[in-house]
Amino acid sequence: MVRQVAKKLASLFCDEKIDVICVLGGPYVGKSWLVNSCISKDDKIMVFDDINSYDDFLKLVKAQRISHVKYIIIGRLLDEKCRQLVGEDKRIRYVNVYPMNFAEFRLAIPKNNCIEQMEMLKLYMLVGGLPEVVKVFLETGNIEKVRCKQLQLLGKLEGQMNRKERAIVKSVIVQEQCEATGFFLSKLDRNARKREYAEVLSGLLDMGIIEKQRRFAPKENLEVRKYKLYIYDMGLYLAAIGIDIKSFMNCHKSWDKKLLYKFYLLDLRAYIDKSQDALMYWSRHKGKANISIIIKMKYGEDGLLFPIGIKEKVELLAKSTQVFIKEYDGVRPINVKIPSMEEVEDGQKLYDRIRNVT
């Protein structure tokens with residue numbers, strides 16, 4: 001996603017009809033390097049990094065009208081409020097940026113490093129896609145130093161959060177390790193009430209510390225209100241749960257499906273057009289069938305549904321997928337083979353497969 005955003009920014013710089021480019025992302029992505037890497041010193045552009053309030057954003061937009069210089073605004077912007085600023089006099093373009101995906105991570109590794117596909121995937125899961133963490137790995141090649149950097153970032157974030165924010169993030173980490181079909185405030189605190197935590201939860205989502213995956217459900221189904229929450233970056237998540245680095249790298253047994261689902265979830269989001277498509281999960285009401293990822297893509301009036309199943313043999317349909325096909329129309333099941341040493345399919349290849357179906 002980083003390279004895609006860089007290309008998009010470079011094209012936007014040349015568009016005379018755009019005055020302000022707003023780069024949206026999490027608080028620990030470190031996006032200023034992205035802008036500086038794709039603009040020349042001769043361009044009349046001013047970059048404002050780490051803008052954390054809507055009022056500051058408004059001031060910059062007003063100042064831009066006077067200066068007639070193109071602005072790039074980067075920071076923990078409140079997405080919904082910022083996007084309300086639409087009009088001919090403002091001419092704002094919004095660009096989402098995520099941590100580096102697996103395809104970009106592989107490109108960042110020097111070609112003289114002979115790393116097998118499976119080892120590369122495990123390295124990516126441990127390192128994650130945050131630029132400053134990837135930089136530590138590229139400079140040192142030491143996973144222990146990478147873990148120290150991740151814990152430093154987690155500590156910095158925790159220090160900036162209040163009691164309720166810390167409680168939600170810790171509960172998200174715990175619930176991610178379980179087989180729960182959604183996020184439950186009752187597991188945060190037995191006496192927790194939605195109205196008490198709604199504003200806090202919204203703030204964490206706006207800042208990009210956590211992300212939401214909503215549940216797919218048919219029309220008029222109250223279960224659609226359920227959702228999952230997860231940590232923004234794979235490497236930070238594994239650091240937060242304290243996974244043992246040596247055991248993880250040396251294990252040759254079957255993959256933990258929960259980790260694989262999380263990998264595909266985070267890797268796919270870079271390719272999903274949020275204006276047209278949706279990345280969701282599904283669980284059958286009062287049933288054991290469970291699909292962790294379902295992609296709804298715009299196609300005709302109703303669209304197509306792609307339940308993602310992960311199996312050791314790609315030709316076998318999971319029980320959950322079979323149940324899904326019986327219940328809904330316009331279904332195109334996609335089965336992903338659990339990666340072996342020779343072949344690893346990433347989010348880009350998976351999304352290309354889906355696009356070829358449509």
Side-chain angles (χ1 to χ4, degrees), residues 1-2 4-99 130-132 153-166 168-169 197-212 232-233 269-270 273-275:
M1 186 61 180
V2 175
Q4 293 177 25
V5 171
K7 289 180 180 178
K8 190 169 185 178
L9 286 176
S11 64
L12 293 177
F13 298 148
C14 303
D15 192 337
E16 296 180 357
K17 296 180 180 180
I18 298 174
D19 302 316
V20 178
I21 300 171
C22 181
V23 182
L24 304 171
Y28 36 59
V29 174
K31 296 169 289 296
S32 58
W33 63 272
L34 172 67
V35 175
N36 293 329
S37 65
C38 55
I39 63 174
S40 67
K41 295 180 180 180
D42 298 329
D43 291 327
K44 294 181 178 179
I45 295 174
M46 294 187 68
V47 180
F48 299 89
D49 202 353
D50 201 25
I51 305 302
N52 298 327
S53 74
Y54 180 63
D55 291 337
D56 290 341
F57 174 72
L58 276 179
K59 290 178 183 177
L60 289 175
V61 172
K62 291 178 181 178
Q64 191 280 331
R65 298 176 193 164
I66 302 172
S67 67
H68 302 294
V69 175
K70 189 167 292 188
Y71 278 22
I72 298 177
I73 303 176
I74 306 169
R76 295 184 295 181
L77 298 170
L78 302 183
D79 198 343
E80 290 185 12
K81 287 186 177 180
C82 290
R83 289 183 185 273
Q84 291 174 6
L85 284 178
V86 178
E88 294 182 1
D89 58 329
K90 299 177 180 64
R91 301 192 300 184
I92 303 172
R93 181 66 62 85
Y94 299 93
V95 180
N96 289 299
V97 59
Y98 295 107
L130 302 185
E132 52 189 305
L153 287 172
L154 287 169
K156 184 179 178 181
L157 282 173
E158 187 175 351
Q160 295 173 349
M161 293 186 287
N162 59 37
R163 178 182 62 82
K164 287 186 178 180
E165 289 173 333
R166 285 194 294 269
I168 289 178
V169 172
Y197 285 89
E199 187 175 345
V200 178
L201 181 58
S202 177
L204 290 172
L205 290 167
D206 285 335
M207 289 188 290
I209 293 175
I210 56 178
E211 288 194 23
K212 178 187 285 188
Y232 192 77
D233 178 73
R269 66 185 174 188
D273 182 355
K274 290 186 178 180
S275 63

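Counting all heavy atoms, side chain and backbone alike, Val200 lies closest to Glu165 at CG1-CG, 3.4 Å. Residues Glu211 and Arg269 approach most closely at OE2-NH1, 2.9 Å, considering heavy atoms.
Lys156 meets the side chain to side chain contact (heavy atoms under 4.5 Å, CB included) test with Gln160; sequence neighbours excluded.
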